[in-house]
Colleague: 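Shown below is the structure under consideration.
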Amino acid sequence: MAPRGWFIVFEGVDGSGKSTQIELLSMKLRDQGVDHVLEREPSDGGIGLFIRDYAEAGDRYLQPESEALLFTADRFEHSKRIEQTLEQGTTVVCDRYYHSTLAYQGAAGVDVAWLRDLQKFALKPDLVLLLDVDPTKSLMRVSGRTLTVFENRDYLSRVRELYLGFAGAGEMRLVDTGRPVDEVESEVERLVEELIGVSF
Ligand code: TYD
């Protein structure tokens with residue numbers, strides 16, 4: 001039986017550079033022959049697609065508790081698929097996971113202890129990389145397109161504060177992205193090397 005894959009998660013406010021860093025890490029993993037897949041939440045499953053439509057529709061009409069339940073239901077389905085992949089020995093790199101619900105729905109006023117309770121079923125990632133940036137800067141990076149219902153500065157500042165409160169605990173590591181992309185890339189590589197024991 002193949003050894004279990006690693007479960008690596010990227011977190012951060014919108015525009016924190018997750019997509020770029022995930023692509024760069026993916027290239028490194030491929031060069032090293034580390035079998036892996038890229039995943040994201042909201043997922044590409046039915047509930048995830050509904051949430052994506054909601055985020056882009058421009059009107060945040062749902063109660064934040066309902067949002068939390070939807071994101072969590074999406075994760076419940078997604079986790080099963082991730083578990084199967086890990087069992088086959090394939091590493092999973094996921095763009096957002098349960099800390100997004102704690103931070104985004106927590107910032108919308110939902111009780112964080114209740115949100116944590118909801119995530120009890122979730123698979124535990126081996127490593128969570130929190131790409132930290134000031135939302136004032138990160139929103140400039142996404143200004144070329146229509147903003148989603150989650151993308152406003154004051155709200156994302158609260159999201160960031162919650163994220164920072166989780167950093168350092170457990171499997172989450174803080175990565176400052178207010179630096180050149182290659183410096184961020186090196187730090188991400190170092191943290192992943194530490195985890196999987198491969199030298200890039
Ligand atoms: P997405 O297009 O994936 O944004 P990004 O590329 O920045 O990750 O849209 C996901 C949005 O949903 C994003 O603004 C964060 C938000 N979100 C939550 O509010 N709660 C959650 O649990 C998750 C997974 C995402």
Side-chain angles (χ1 to χ4, degrees), residues 7-26 38-79 81-82 92-125 128-163 165-166 172 175 177 184:
F7 183 20
I8 301 169
V9 171
F10 281 76
E11 291 281 0
V13 296
D14 301 78
S16 55
K18 285 184 283 101
S19 314
T20 304
Q21 291 302 328
I22 287 170
E23 283 304 323
L24 289 168
L25 176 62
S26 179
L38 303 184
E39 288 287 334
R40 60 176 186 168
E41 290 197 355
S43 78
D44 295 323
I47 305 171
L49 294 179
F50 169 82
I51 299 171
R52 281 182 187 280
D53 281 349
Y54 166 72
E56 276 156 30
D59 174 17
R60 197 171 180 178
Y61 62 85
L62 291 173
Q63 296 297 305
E65 287 79 4
S66 306
E67 290 177 5
L69 292 169
L70 283 167
F71 280 113
T72 306
D74 179 42
R75 187 162 307 123
F76 196 93
E77 299 304 316
H78 193 205
S79 295
R81 301 196 295 276
I82 294 175
V92 174
V93 179
C94 195
D95 185 344
R96 300 191 179 284
Y97 196 57
Y98 68 79
H99 287 97
S100 282
T101 304
L102 303 185
Y104 278 78
Q105 279 59 56
V110 183
D111 179 46
V112 176
W114 179 69
L115 292 171
R116 277 195 187 280
D117 257 13
L118 281 181
Q119 310 307 315
K120 271 186 188 157
F121 70 84
L123 281 174
K124 201 169 167 310
V128 182
L129 297 159
L130 172 58
L131 302 194
D132 179 53
V133 67
D134 181 340
T136 315
K137 283 191 201 155
S138 73
L139 278 178
M140 279 176 349
R141 292 185 191 158
V142 298
S143 63
R145 59 162 169 79
T146 310
L147 297 180
T148 70
V149 295
F150 301 107
E151 291 170 327
N152 81 71
R153 199 189 56 196
D154 292 345
Y155 176 61
L156 289 183
S157 296
R158 293 201 300 280
V159 172
R160 182 192 190 196
E161 288 312 310
L162 279 170
Y163 266 138
F166 308 139
M172 185 181 266
V175 179
T177 62
V184 179

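In this text the structure is predicted, and so the values were computed from the model without any measurement. Residue numbers run from 1 in the order of the sequence given. Indexing begins at 1, ligand by ligand and atom by atom, following the structure's order. We use all heavy atoms of the structure for the numbers below, so side chains are in, but hydrogens, waters and symmetry mates are not.
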Colleague: When you look for protein heavy atoms under 4.0 Å from ligand 1, which residues do they belong to?
Modeller: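 Its neighbours under 4.0 Å (heavy atoms only) are Asp14, Lys18, Glu41, Pro42, Arg52, Phe71, Arg75, Arg96, Ser100, Thr101, Tyr104, Gln105, Phe150, given by chain and number.
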Colleague: Is it true that the NZ or CZ of Arg60 lies under 6.0 Å from the centre of Tyr155's six-membered ring and within 45 degrees of the ring axis?
Modeller: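 Geometry flag: set, cation within 6.0 Å and 45°.
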Colleague: For Thr101 and Thr72, run side-chain contact (heavy atoms from CB on, under 4.5 Å): C-alpha distance rounded to whole Å, both residues' side-chain angles, the deciding distance at 0.1 Å, then the answer.
Modeller: CA-CA 8 Å; Thr101 304; Thr72 306; 4.2 Å; yes
Colleague: Taking the ring of Phe7 and the ring of Tyr97, is the distance between their centroids below 6.0 Å?
Modeller: yes
Colleague: Is there a donor-acceptor contact under 3.5 Å linking the side chains of Glu11 and Ser100?
Modeller: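 Short answer, yes.
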Colleague: What is the ring orientation for Phe50 with Tyr54, classed by angle as parallel under 30°, tilted 30 to 60°, or perpendicular over 60°?
Modeller: parallel
Colleague: Could you report the tightest heavy-atom contact between Leu156 and Glu151, atom names first, then the distance?
Modeller: CD1-CA, 4.1 Å
